[in-house]
Amino acid sequence: MKETAQQILNDPFLNKGTAFTKAERAQFGLTGMLPPHVQTLADQVKQAYAQYQTETTMLEQRIFLMTLFNENRVLFYKLFSQHVAEFMPVVYDPTIADTIENYSALYVNPQNAVFLSIDDLDSMKTTLTNAADGREIKLIVVTDGEGILGIGDWGTQGVDISVGKLMVYTAAAGIDPSQVLPVVLDAGTNRDSLLNDDLYLGNRHERVRGDRYYDFVDQFVQTAEALFPNLYLHFEDFGRSNAANLLNKYKDQIVTFNDDIQGTGIITLAGIMGALNISGAKMTDQVYMSFGAGTAGAGITHRIFEEMQQAGLSEQEARSRFYMVDKQGLLFDDDPELTPEQKPFARKRSEFANAAELTTLEAAVKAIHPTILVGTSTQPGTFTESIVKEMAAHTERPIIFPLSNPTKLAEATAEDLIKWTDGQALVATGIPAAPVDYHGVTYEIGQANNALVYPGLGLGTIASTAKVLNDAMISAAAHSLGGIVDPTEVGAAVLPPVTQLEVFSQTVANAVAESAVKQGINKEPITDIKQAVAHLKWVPEYKTVQ
């Protein structure tokens with residue numbers, strides 16, 4: 001069925017706004033429905049950026065960009081591509097936390113997202129079919145809203161995380177925005193402020209747990225796989241009790257990825273490799289401590305543990321170099337509340353003469369002398385001066401990554417870490433951090449931003465037609481980023497800058513696709529890997545409307 005003039009103007013995949021030519025306006029009945037002057041895409045980008053600059057807060061800037069996104073995908077992504085580093089913290093973390101917390105109150109447009117309710121399973125197939133609207137869906141980001149960033153359970157309002165994540169996939173790696181679908185699985189919420197909010201748009205009951213929940217997720221996975229046979233399924237911000245269970249259930253069956261578990265592990269590993277490239281130290285000599293033993297902390301620890309073994313250590317030797325600290329202190333194997341992901345890294349009390357005293361991070365650091373300290377605790381300011389100086393007293397170039405976000409939840413600031421270690425710390429943060437000037441040296445601070453990894457990982461996996469996304473492909477992604485650092489540059493960052501996100505996404509995609517083809521797990525024959533990746537890349541340019 002041919003679209004009407006109004007349908008074209010209201011379809012963000014077709015709308016060109018003032019860039020419709022006179023011939024197109026006549027063809028589609030748009031004459032007189034737009035101002036007479038025809039603008040180029042470049043004109044529109046210049047105009048939109050000037051409008052963006054009039055917004056005075058990051059939240060207002062995000063609302064402006066979301067309005068543009070809802071109206072015209074090409075213009076939005078063309079603008080985004082020219083201001084990636086500037087827009088990333090506006091479109092995604094940390095500003096997205098504000099919009100998620102206020103999603104129901106600010107709601108004006110569903111943003112082509114899919115809302116699936118545990119209370120209405122019968123409509124699932126119809127809903128997904130209608131949402132796709134004939135488009136070939138290759139990528140879905142799905143959340144259940146329970147573990148959003150560092151701010152917890154936000155129910156159906158967590159859908160914004162799926163929308164934001166997909167924006168980055170397109171801006172960084174060129175995934176075609178007409179081939180993606182953001183989804184939220186609404187199983188309820190345990191946040192009282194939402195349940196008691198008259199404006200809350202999600203299911204107003206506590207979260208459903210157990211078999212009914214897993215059956216809900218499984219019905220979604222099976223339905224999506226049947227409807228979209230070439231699907232890359234990205235799980236995002238599921239709660240601690242479910243995230244690993246779901247990844248382990250599906251990772252060997254379908255092409256699936258959990259950014260909180262796997263993506264954070266990849267980018268942290270890449271940062272550590274960059275740091276070791278600068279210091280000249282060996283991976284196998286490191287002693288690793290994780291502060292925060294939830295989904296992200298355990299996922300990162302597992303990835304570094306796997307790398308230790310790949311570097312030559314036996315499983316037992318590698319395991320002896322890992323320590324996890326959580327709210328109860330150092331994790332011991334006699335703790336009945338350990339999760340399956342924590343158990344492999346819990347220690348025996350017999351290893352320590354003062355085991356009963358190791359109930360704080362500071363006590364653990366003094367007893368263990370880690371060379372690497374990674375924070376995913378969402379406990380602000382917990383990497384204190386005394387802890388950092390204690391660590392620095394026992395290792396020449398301490399690797400310290402306070403990764404919790406948003407900004408208000410970071411374990412430390414980059415500036416403090418540089419000063420407290422007299423410029424010796426190798427630092428990456430979870431949020432953007434300005435360069436630190438200290439004693440005449442400018443220290444560039446790498447951001448352990450998953451956006452440096454997951455877009456390219458998705459692009460490479462899809463381009464290679466891989467049957468699954470496995471550890472070898474994930475390791476290839478980390479190695480492709482970790483070797484980019486220039487160790488001869490004084491004050492060099494341990495990770496490449498977000499400003500070159502598009503370039504490094506291609507680097508990652510090529511490495512991932514090469515790994516898949518080398519393993520022989522591609523469904524379709526591929527002779528030229530780089531060409532296959534390049535062919536899949538979408539460019540934000542106007543095309544003729546059919």
Side-chain angles (χ1 to χ4, degrees), residues 138-139 141 165 168-175 232-236 247 251-252 255-277 283 296 299-311 374 401 403 428 430 446-485 493-498 500-522 526 529-530 532-534 536-537:
K138 293 184 177 180
L139 170 62
V141 174
K165 213 79 176 184
V168 180
Y169 267 110
T170 297
I175 301 290
Y232 181 102
L233 183 57
H234 173 143
F235 284 88
E236 183 71 22
L247 178 62
K251 68 179 182 179
D252 296 325
V255 182
T256 190
F257 173 70
N258 185 303
D259 193 40
D260 309 293
I261 297 174
Q262 297 167 293
T264 309
I266 299 169
I267 193 61
T268 304
L269 171 58
I272 290 172
M273 292 173 66
L276 295 176
N277 195 12
M283 173 67 79
I300 295 170
T301 302
H302 178 76
R303 173 48 48 200
I304 311 305
F305 169 69
E306 291 290 328
E307 190 65 27
M308 283 270 196
Q309 293 179 84
Q310 289 186 28
V374 174
F401 291 1
L403 301 185
Q447 184 187 359
N449 188 329
N450 292 16
L452 287 168
V453 173
Y454 71 80
L457 189 70
L459 177 63
T461 304
I462 296 170
S464 70
T465 69
K467 298 174 184 177
V468 293
L469 172 58
N470 60 26
D471 282 346
M473 296 161 70
I474 288 172
S475 180
H479 280 267
S480 71
L481 280 179
I484 291 173
V485 170
V494 301
L495 284 164
V498 175
Q500 299 182 47
L501 189 58
E502 187 175 358
V503 174
F504 296 127
S505 291
Q506 296 299 303
T507 301
V508 171
N510 289 334
V512 169
E514 182 178 355
S515 175
V517 173
K518 185 177 180 180
Q519 296 176 70
I521 59 174
N522 46 307
I526 296 176
I529 293 168
K530 289 186 177 180
V533 171
L536 192 66
K537 185 176 170 58

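All values reported here derive from a predicted model rather than from experimental measurement.
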Give the minimum heavy-atom separation between Ala428 and Val494, together with the two atoms involved. CB-CG2, 3.8 Å
Quick one: does Thr256's side chain have a donor or acceptor within less than 3.5 Å of a partner on Leu233's backbone? yes
Glu307 versus His479, side-chain donor and acceptor atoms under 3.5 Å: yes
Using every non-hydrogen atom in the two residues, find where Thr461 and Ser464 come nearest and quote the distance to one decimal. O-OG, 3.0 Å
Leu481 and Val508, any side-chain heavy atoms less than 4.5 Å apart: yes
Rounded distance (nearest 0.5 Å) linking atom OG1 of Thr264 with atom CZ of Phe401: 13.0 Å
Mind checking the CZ-CG spacing from Phe257 to Leu469? Nearest 0.5 Å is all I need. 7.0 Å
I need the Ile261 CD1 to Thr301 OG1 distance, nearest 0.5 Å. 12.0 Å
Leu452 side chain reached by Gln447 side chain, heavy atoms, under 4.5 Å: no
Would you check if the side chain of Ser475 reaches a backbone N or O of Asp471 as a donor-acceptor pair within less than 3.5 Å? no
Whether the Thr465 and Asn522 side chains hold a donor-acceptor pair (N or O, under 3.5 Å, no angle test) is what I'd like checked. no
Could you grab the distance from atom OG1 of Thr268 to atom CG of Leu403, nearest 0.5 Å is fine? 5.0 Å
Identify the two heavy atoms, one from Ala516 and one from Ala466, that lie closest to each other, and give their separation to 0.1 Å. CB-CB, 4.1 Å
For Glu514, look at atom CD and say whether over 12 heavy atoms of other residues, nucleotides or ligands are found less than 6.0 Å away. no
Do the non-hydrogen side-chain atoms of Leu459 and Val533 ever get within less than 4.5 Å of each other? yes
Separation between NZ of Lys165 and OG1 of Thr170, rounded to the nearest 0.5 Å: 13.5 Å
Could you walk me through whether Ile474 and Glu306 pass the side chain to side chain contact (heavy atoms under 4.5 Å, CB included) test, one step at a time? CA-CA 11 Å; Ile474 288 172; Glu306 291 290 328; over 6 Å; no
Below 4.5 Å, heavy atoms only, C-beta onward: do Met473 and Ile521 meet side chain to side chain? yes
Under 3.5 Å, side chain of Ser480 to main-chain N/O of Ala477, donor-acceptor pair present? yes
Nearest heavy-atom approach of Ala478 to Leu269 is CB-CD2, 3.6 Å
Can any side-chain N or O of Asn277 pair as donor or acceptor with the backbone N or O of Met273 at less than 3.5 Å? no
How long is the straight-line distance from CD1 of Ile462 back to CG of Leu457, given to the nearest 0.5 Å? 9.5 Å
Report the relative orientation of the aromatic rings in Tyr169 and His234; use parallel for angles under 30°, tilted for 30 to 60°, perpendicular for over 60°. perpendicular
Between the main-chain N or O of Ser515 and the side-chain N or O of Gln519, is there a donor-acceptor pair closer than 3.5 Å? yes
Ile526 versus Ala532, closest heavy-atom pair with distance: CG2-CB, 4.0 Å
When every non-hydrogen atom of Ile272 is compared with those of Met283, the smallest separation belongs to CG2-CE, 4.0 Å
Verdict with supporting geometry, Val453 and Gln262, side chain to side chain contact (heavy atoms under 4.5 Å, CB included): CA-CA 10 Å; Val453 173; Gln262 297 167 293; over 6 Å; no
